[in-house]
Amino acid sequence: EKGGYPHFMLKEIFEQPEAIRKTVSPRVREGRVVLDDLRLTKEYIQGVSRIFIVACGSSYHVGMVSKYNWERLLRRPVEVCLASEFRYCDPLVDDHSLVIFISQSGETLDTMAALREAKRRGGRTLAVVNVVGSSIAREADDVLYTWAGPEIAVATTKAYSTQLVLMDLIALYLGDLLGTIEKTEYDTILHELEALPEKLERVLASIEDVKYFASRYFNHDSIFFIGRNLDYAMGLEGSLKLKEISYIHSEAYASGELKHGTISLIEPGTLVVALGTYEPLFDKAMSNVVEVKARGAEVLALATEPLKEKMAHTADSVIAVPETHPVVQPSLGVVPLQLFAYYVALQRGCDIDKPRNLAKSVTVE
Ligand code: M6R
């Protein structure tokens, strides 16, 4: 049932191009995003004053990416909340709030409770869910499915990736209704979402590089991920994947925060994974690499292909991913991070598909 792969996680990583294709293509017709299942009218969305995205774990990290993308494309405030916090924080939800819940399983208890709380306060709820007919899917006002197919490994990969692209599609759709997206930007993002499976195949083909770095670094006790903007959001996911399955202590920081405390943890030999795929802030990413190098860090960087050489001037090693529109870039960048976590955990002899103390769906508080 693992289709020849040693673990479900690896199988699911390799299923990502197809899962993304299944999630995107039925929703594109004649160069437009069509979301037949979404019953949000132009009048409704024009009256929305706040957008909340509520989720747990990796699904929350999709929300972090989406905050940057949605604010860019919709020019509306977007707040991302951990479901476990949202449900008890007396949230400022009212009937002008659109509250989006992201969940692979559709059964996460905290997300479910947060959904009920949002409804109680008059918010309009939209669920982005993978499991058809799950509790969250049934209770939300609207539901859009990620067509990732069954995900078995506890560490999510293809569900995360399909959530990302579906959130991008929704942003295009709503931005179009609101008139906040330039036509050329709309066309480019949509084109890049359709081109994503093919570019992802290229990322997956460079697996040997990642394997090599995993064999070089699997013995580290602590690994830091740094990045800005979308790279920061992506770093949160890279760090969670790593700690979840390899049990290595890891943290993700917004690079600008280094000087406010974290940099004191950097000593000679500390591994820093520096994310530099967000092109508008690439120079800032480079200067943060210089900063940590000056404290003796070993730096493994991630950059887009056109900027790989430049990054190689400062980082010890660089993994490159194909370039795409910045909004879509995390969908490519996250894959080497998933593979890195996988191969580090493999080297360490961990139980990859069933990491200790964790369950696939968290139905208790
Ligand atoms: O099913 P959900 O998306 O609601 O699950 C949320 C988290 O429990 C989940 O993403 C968890 O963080 C993953 N194991 C991370 O790989």
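For the numbers below, each heavy atom of this structure counts, side chains included, while hydrogens, waters and symmetry mates do not. All ligand and atom numbering here is 1-based and tracks the order in the structure.
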*Asks:* Salt bridge or not between Glu198 and Arg21? Use side-chain N to carboxylate O under 4.0 Å.
*Replies:* no
*Asks:* When you check ligand 1 against the protein, what N or O pairs turn up below 3.5 Å? List the atom names and distances, or just say none.
*Replies:*
| unit_1 | atom_1 | unit_2 | atom_2 | d |
| --- | --- | --- | --- | --- |
| ligand 1 | 1 (O) | Ser103 | OG | 3.4 |
| ligand 1 | 1 (O) | Gln104 | N | 3.4 |
| ligand 1 | 1 (O) | Ser105 | N | 2.8 |
| ligand 1 | 1 (O) | Ser105 | OG | 2.7 |
| ligand 1 | 1 (O) | Thr108 | OG1 | 3.4 |
| ligand 1 | 3 (O) | Ser59 | OG | 2.6 |
| ligand 1 | 3 (O) | Gln104 | N | 2.7 |
| ligand 1 | 4 (O) | Ser103 | OG | 2.6 |
| ligand 1 | 4 (O) | Thr108 | OG1 | 2.5 |
| ligand 1 | 10 (O) | Ser58 | N | 3.1 |
| ligand 1 | 12 (O) | Ser58 | N | 3.3 |
| ligand 1 | 14 (N) | Val154 | O | 3.0 |
| ligand 1 | 14 (N) | Glu244 | OE2 | 2.6 |
| ligand 1 | 16 (O) | Ser58 | OG | 3.4 |
| ligand 1 | 16 (O) | Thr156 | N | 3.0 |
| ligand 1 | 16 (O) | Lys241 | NZ | 3.0 |
| ligand 1 | 16 (O) | Glu244 | OE1 | 2.7 |
| ligand 1 | 16 (O) | Glu244 | OE2 | 3.2 |

*Asks:* Would you list the atom pairs, donor with acceptor, under 3.5 Å between side chains in residues 119-126 and any protein atom, with sequence neighbours excluded?
*Replies:*
| unit_1 | atom_1 | unit_2 | atom_2 | d |
| --- | --- | --- | --- | --- |
| Lys119 | NZ | Glu139 | O | 2.5 |
| Arg120 | NH2 | Glu117 | OE2 | 3.0 |
| Arg121 | NE | Glu117 | OE2 | 2.6 |
| Arg121 | NH1 | Asp90 | OD1 | 2.9 |
| Arg121 | NH1 | Pro91 | O | 3.0 |
| Arg121 | NH2 | Asp90 | OD1 | 3.0 |
| Arg121 | NH2 | Glu117 | OE2 | 2.9 |
| Arg124 | NE | Asp142 | OD2 | 3.3 |
| Arg124 | NH2 | Arg39 | O | 2.9 |
| Arg124 | NH2 | Asp142 | OD2 | 2.8 |
| Thr125 | OG1 | Asp141 | N | 2.9 |
| Thr125 | OG1 | Asp141 | OD2 | 3.0 |

*Asks:* Within 45 degrees of the axis of the six-membered ring of Tyr253 and under 6.0 Å from its centre: does Arg228 put its NZ or CZ there?
*Replies:* no
*Asks:* Can we say Lys199 and Glu194 salt-bridge, meaning some charged N sits less than 4.0 Å from an Asp/Glu carboxylate O?
*Replies:* no
*Asks:* What do you reckon, are the aromatic ring centroids of Tyr5 and Phe14 less than 6.0 Å apart?
*Replies:* yes
*Asks:* Is the cationic atom of Arg356 (NZ for Lys, CZ for Arg) positioned less than 6.0 Å from the six-membered ring centroid of Tyr247 and within 45 degrees of its normal?
*Replies:* yes
